[in-house]
Amino acid sequence: MEQARLAAYLSTRLGEPVQITALSQAFPGLSRETWLVRLRRGAEGAARAEGVVVRADPPGGPFVPVPLHYEWQVYERLARTEIPVARPLWYDASADVTEGRALFVRELVEGTTLLPGLWDDTREAAERRRRVAIEHAETLAAVHRLDWRAHGFDSFMQAPESAAAAPRQELLRWWRTWEEVRTAPFPVVTEALHWFQDHLPAAAAHISLCKGQNGIGEEIWRDDRIVALSDWELAHLGDPCQDLALSQGMLKLWDREKIIACYERAAGFTLPRENIAFYLVWNAFKSMLALNNGLRSFLSGEYPRLARATLGYGKVKVYEHLLGRIIDMDLEQAAEFIMSGQPNPYHNRSISGG
Amino acid sequence: MRPSSRELLEGIAVALERQVAPAVQDKWAASVLRSAVQLLGHLGQRVEDEPRLLREDNADARKVLETLAASIAGGGADAATLRDAVGDALAREEPEAWDTRALAACNESCQSAIELLVRHRELLAQLTGDRAAQSELHGYLQRRLAREQHLYFPSLLGPPF
């Protein structure tokens, strides 16, 4: 994004002079672009320092086949609750500064998405992992307790008819989406979808606002506390067990059962372990769907970023083979198998920092 | 011809990884390089094996479809979509052994038909009277995964970006 054009755009939208003092794109930004902007705003002599985040669709669209406006609506509603999120400022369906691609702007929250040193082999780091796991579990529980009806989430999200119907509705929704976006026939994945149909949980633990992607790498942390939850493009109304299953290594930070018990105390309801097992496997399918959707803009030439090919084709073939293996397994075996194929990202210093 | 296509691709990947990557400080450029190295590793496998794998897979898929075509021939209107997809796939002439693009198009047609049959497993069971067709399809898909596994493992397990 060109700094001078962005400054002019922000000046127009904010109604006063803006000078950008620092502009950087969050790495790796594979689905959508996230630009961190530090600026001085106001007339010379009286200008004040502020920060905003510009989140924009890349050329050809994101990984997750969900419009940016959907995520914007999540932010807009959450900002009126006690859930910690960055304050949303505006949504622009077709901004000049992004060549007509949608964007939204929110305030910049000071903090970091990574926790350097978290996986150090020391007693202090182990104690820190315990605190971080509890902080995350309790924050997630607060999201899941939220009265989504009172805050109007069902005005733009599909609400399951009942806890018993929720798992099937989730399956059918994403099965339909898969058939719309996949880049080639994948009969193995269709077989796996039947497997999911045959292993659906009897009922959701609760019908909650679920965040989607969550855990370290997604949220903003300061002093080991979550100060803002970010990345809501996969938010939906459904089984909170899915968020626990998609917490990207958080359940490995400390004793898994103790983390879930902390969550349950904070949430006020229990999580059937078989539901978590189901969603651990299900998330492999949903990840594959999003990555393959991201390949479309590479194939069309709209977004020739090589990572779209390594993920949208390469990683998808790996997922296809993993899903091909679960078809002859029971739920518990399949969940173990998928978990074993997902190395803990916080063992990798390039991801966890430090 | 030496070096072979595979040797060249693997040589390029090794050179990029050992000689170029350590000198690249910019994280965005380094990320592109990691993606390129991974894709070259995959291409090294694919460039030599793709036509053979497509021929083998097409032969296997067509055999399965021919068997199932007979089973669904008598179905009513509900089965028409399945019959059409299977018929279309089987009506294609087997391409020349060297024509990778045509072999891939033929393969995609077979995969579409197989995907549709898998999708409508209940209808297929009704038409055939048992689950044998489903087992036949499952067996084929497992053979397909085993056949192509070396194209993706381990070359696509490294850092993708």
Side-chain angles (χ1 to χ4, degrees), chain A residues 24-31 33 63 172 175-176 178-179 182-195 197-198 287 291 294-295 298 304-328 341-343 345 348-351 353, chain B residues 26-43 45-46 61 64 85 89 104-105 107-122 124 134-135 137-161:
Chain A
S24 62
Q25 185 179 1
F27 179 83
L30 293 160
S31 183
E33 296 174 4
F63 275 130
L172 296 179
W175 194 331
R176 274 195 304 274
W178 168 244
E179 290 182 339
R182 73 207 191 312
T183 57
F186 284 86
V188 170
V189 177
T190 307
E191 255 200 325
L193 284 162
H194 283 305
W195 182 93
Q197 194 169 30
D198 296 340
S287 301
L291 296 178
L295 181 64
F298 180 86
R305 187 171 173 187
L306 280 187
R308 286 292 179 109
T310 53
L311 291 166
Y313 162 72
K315 194 78 173 169
V316 163
K317 293 305 290 186
V318 171
Y319 271 126
E320 183 193 21
H321 278 249
L322 292 180
L323 291 174
R325 292 278 300 280
I326 62 143
I327 291 162
D328 295 321
Q342 293 176 328
N348 184 337
R349 284 188 181 274
S350 72
I351 294 173
Chain B
D26 179 80
K27 65 183 172 187
W28 295 90
S31 171
V32 172
L33 201 52
R34 283 192 291 273
S35 298
V37 167
Q38 184 175 102
L39 290 171
L40 286 167
H42 164 64
L43 281 173
Q45 290 290 330
R46 183 166 147 177
V64 171
N107 194 258
E108 182 154 334
S109 173
C110 289
Q111 296 312 304
S112 292
I114 286 166
E115 185 182 62
L116 203 63
L117 291 165
V118 173
R119 176 80 168 85
H120 298 282
R121 64 176 181 176
E122 298 307 327
L124 191 59
Q134 198 178 317
S135 298
L137 290 165
H138 178 63
Y140 158 72
L141 291 172
Q142 291 298 312
R143 290 194 298 279
R144 176 179 163 86
L145 290 178
R147 197 159 28 233
E148 65 177 24
Q149 175 149 6
H150 69 287
L151 295 184
Y152 312 117
F153 297 86
S155 62
L156 295 174
L157 292 179
F161 57 85

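Both backbone and side-chain heavy atoms feed into the values below; hydrogens, waters and symmetry mates do not. Throughout, a chain's letter reflects where its sequence line sits, starting with A, and its residues are numbered from 1.
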Of all heavy-atom pairs between A:L311 and B:P160, which one has the smallest distance, and what is that distance?
CD2-CG, 3.6 Å

Distance check, rounded to the nearest 0.5 Å: B:L137 atom CG versus A:E191 atom CD?
7.5 Å

Between chain A and each of B:Q142, B:H138, B:Q149, count heavy-atom pairs under 4.5 Å; write down the option with the most.
B:H138

Would you say that B:E115 contacts A:E179 through its side chain, given a criterion of any heavy-atom pair below 4.5 Å between the two side chains?
no

Between B:L156 and A:T310, is any pair of side-chain heavy atoms under 4.5 Å apart?
no

Residue part contacting chain A, namely of B:Q111, when any heavy atom lies under 4.5 Å:
both

Heavy atoms only: give me the nearest B:V118-A:P187 pair and the separation to one decimal.
CG1-O, 4.0 Å

A:R308, part contacting chain B, at a heavy-atom distance under 4.5 Å:
neither

List the atom of A:P28, the atom of B:W28, and the distance in Å for their closest heavy-atom pair.
O-CZ3, 3.5 Å

Top residue by heavy-atom pair count (under 4.5 Å) with chain B, among A:L306, A:I327, A:V189?
A:L306

Is there a side-chain contact between A:Y313 and B:H42 in this structure, where contact means two heavy atoms from C-beta onward sitting under 4.5 Å apart?
yes

Around atom CZ of B:R143, are there more than 12 heavy atoms from other residues, nucleotides or ligands closer than 6.0 Å?
yes

Any side-chain heavy atom of B:E148 within less than 4.5 Å of one from A:H321?
yes

Backbone of B:H120 reached by a side-chain donor or acceptor of A:H194 within 3.5 Å:
no

Under a 4.5 Å heavy-atom cut-off, does chain B meet the side chain of A:L30, its backbone, both or neither?
side chain

Reported CG-to-CZ distance for the pair B:D26 and A:F27, which is rounded to 0.5 angstrom:
9.0 Å

Quick one: of A:R305, A:E320, A:R182, who has the most non-hydrogen atom pairs under 4.5 Å with chain B?
A:R182

If you define the side chain from C-beta out and look only at heavy atoms, does anything of B:F153 sit under 4.5 Å from A:K317?
no

Could you give me the CA-CA distance, side-chain angles and deciding distance for A:K315 and B:Y152, then say whether side chain to side chain contact (heavy atoms under 4.5 Å, CB included) is met?
CA-CA 9 Å; A:K315 194 78 173 169; B:Y152 312 117; over 6 Å; no

Which bit of B:L116 comes within less than 4.5 Å of chain A, counting heavy atoms only: side chain, backbone, both or neither?
neither

